[in-house]
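Take a look at the structure below.
Quick note on labels: first sequence line is chain A, next is B, and so on, each numbered from 1.
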Protein chains: 2
Amino acid sequence: MDELLNKDTEEKILDAAKNVFINKGLDGARMQEIADEAKINKSLLHYYYRTKEKLFMAVFKAVSGKILPKSLEALNSDISIFEKIEVFVENYIDLLIKNPSIPLFVITELKRNPNGFPAMMLDFVKNLDVNIVQKVEMEVRKEIEKGTIREIDYRHLFINMLSMCIFPFAGRPLIQKIAFEDNSSEYDKFLKERAKEVSSFIINSIKI
Amino acid sequence: MDELLNKDTEEKILDAAKNVFINKGLDGARMQEIADEAKINKSLLHYYYRTKEKLFMAVFKAVSGKILPKSLEALNSDISIFEKIEVFVENYIDLLIKNPSIPLFVITELKRNPNGFPAMMLDFVKNLDVNIVQKVEMEVRKEIEKGTIREIDYRHLFINMLSMCIFPFAGRPLIQKIAFEDNSSEYDKFLKERAKEVSSFIINSIKI
DNA sequence: GTCTATAATGTGATAGAC
DNA sequence: GTCTATCACATTATAGAC
């Protein structure tokens with residue numbers, strides 16, 4: 001049984017490093033803690049990844065691709081803009097329920113390094129589906145012309161949508177204290193309701 | 001002229017510490033850097049604040065009160081709920097334009113310390129205007145009954161509002177890269193337009 | 001109160017045996 | 001590939017002169 005659970009060392013290290021870096025950040029993480037979590041000797045970390053920074057970059061690269069839903073088939077499909085919004089929001093919030101710590105991690109570490117880690121930045125941008133923004137722009141313009149939705153700046157609309165999806169996860173430690181008396185299971189329940197609340201909130205706002 | 005700029009040492013230290021801690025976090029900050037920024041000797045930091053942790057707590061306490069607009073007179077005044085939303089959003093975004101780094105700092109450091117720093121936590125909760133949530137609840141219920149706004153969960157409404165206000169500041173490093181080709185001045189312009197965009201977005205969604 | 005010098009510790013990284 | 005032992009350095013913190 002332990003046989004099957006055994007991954008090779010390099011993978012065990014990366015998994016442990018994800019946990020620790022995501023929770024403590026680059027500065028707060030300790031190589032010893034990563035080694036303990038991976039149940040290996042600290043020296044092995046350096047054997048496989050040379051330095052803490054390189055290990056961090058491997059983690060960041062592996063994780064940052066999840067910050068935006070990769071392929072947004074919805075935008076290319078035949079359904080109405082309202083259905084597209086519903087699908088996007090639901091998929092995205094599902095993704096965040098499965099990976100709740102990623103947004104705050106990525107945001108924090110992106111900020112931490114305005115211009116450092118050039119290699120990391122390239123990977124990050126490469127991982128992003130930047131075209132998503134252009135697709136949103138075209139889609140919104142088209143629907144305004146058709147008269148399906150009211151006149152609205154596509155960037156504000158898009159960022160409103162992202163904000164309402166991401167912030168409840170990134171800002172959880174804050175919101176849970178402000179509005180949920182720090183009750184964790186109540187907050188989980190709240191997050192599960194959210195997909196349909198957010199998409200209907202948006203649609204109500206823009207539908208003519 | 002330097003005469004007038006001189007503050008007493010303790011205050012200079014706190015100001016410098018705010019800058020450094022907000023930008024680097026507790027783990028990333030260096031006492032030496034704080035001393036340099038305050039233009040004093042590193043030993044003086046310990047003379048006034050004893051430890052790095054205590055200095056950090058002084059900063060966190062001084063800063064965390066700004067995370068929510070303190071007195072929300074708007075909620076108690078006579079204006080319509082729509083005007084209340086406009087006033088809240090505009091005041092809050094103005095506050096964030098003046099203190100753009102505070103939300104991410106508070107969220108990050110709150111998360112960093114799920115149960116550590118009990119004293120810090122008490123101060124944080126004390127600084128919060130927790131009643132604001134109850135006020136929002138009553139207000140929303142009242143307006144739904146009056147038929148001014150559609151049926152909506154007050155917590156989702158409130159957090160939608162907070163999300164759209166705060167996330168563009170907390171998530172700036174991310175959003176600016178995704179949607180603004182990392183153009184900083186374009187993003188500043190975007191933030192200035194935001195107050196009216198957000199409040200009209202909300203009102204359009206809930207008005208009957 | 002403010003400084004210089006230094007202690008005490010934590011932590012990333014390497015050498016070298018197996 | 002994996003371990004033990006250790007280095008080299010950064011960083012918080014303190015002692016003590018002025």
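One finds no salt bridge joining B:Asp36 and B:Lys42 here, because no Lys/Arg side-chain nitrogen approaches an Asp/Glu carboxylate oxygen to under 4.0 Å.
Residue A:Arg50 places none of its side-chain N or O atoms closer than 4.0 Å to OP1 or OP2 of C:dG12. Contact annotation: B:Tyr47 does not reach the phosphate of D:dT14 (side-chain N/O to OP1 or OP2, under 4.0 Å). Taking only side-chain nitrogens and oxygens, A:Thr51 never comes nearer than 4.0 Å to OP1 or OP2 of C:dG12. One finds a side-chain N or O of A:His46 lying less than 4.0 angstrom from the OP1 or OP2 phosphate oxygen of C:dA13.
Atom pair A:Asp8:CG and D:dG1:P shows a separation of 9 Å (rounding to whole Å applied). Here C:dG12 presents its P atom at 14 Å from CZ of A:Phe56, a figure rounded to the nearest Å. Here the P atom of nucleotide D:dT4 and the CD1 atom of A:Ile40 are 12 Å apart, to the nearest Å. In this structure, B:Tyr48 atom OH and D:dT14 atom P are separated by 17 Å, rounded to whole Å. Regarding A:Leu45, its CG atom lies at a distance of 12 Å from the C1' atom of D:dT2, rounded to whole Å. When rounded to the nearest whole Å, the span between NZ of B:Lys39 and C1' of C:dG1 equals 20 Å. B:Lys42 places its NZ atom 13 Å from the C1' atom of C:dC3, with the value rounded to the nearest Å. C:dG12 atom P lies 17 Å from atom OH of A:Tyr49, rounded to whole Å.
Other residues, nucleotides and ligands place more than 12 heavy atoms under 6.0 Å from the CD atom of A:Gln32.
Relative orientation of the B:Phe105 and B:Phe56 rings is perpendicular, given thresholds of 30° and 60° on the angle between their planes.
The stretch residues 25-36 of chain A has no heavy atom under 4.0 Å from DNA chain D, so no residue of it qualifies as close.
Checking each of A:Glu197, A:Glu193, A:Lys196 against B:His156 for a side-chain hydrogen bond (donor to acceptor under 3.5 Å, both in side chains) leaves exactly one that passes, namely A:Glu193.
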Going through the distances and angles, do B:Asn183 and B:Gln176 end up as a side-chain hydrogen bond (donor to acceptor under 3.5 Å, both in side chains)?
CA-CA 7 Å; B:Asn183 183 325; B:Gln176 192 173 294; over 6 Å; no
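With hydrogens and angles left out, the side chain of B:Ser43 and the base of C:dT4 share a donor-acceptor pair within 3.5 Å.
The six-membered or imidazole ring of B:Phe88 lies near that of B:Tyr92, with a centre-to-centre distance under 6.0 Å.
In this model, no donor atom of one side chain and acceptor atom of the other lie less than 3.5 Å apart for B:Arg194 and B:Ser199.
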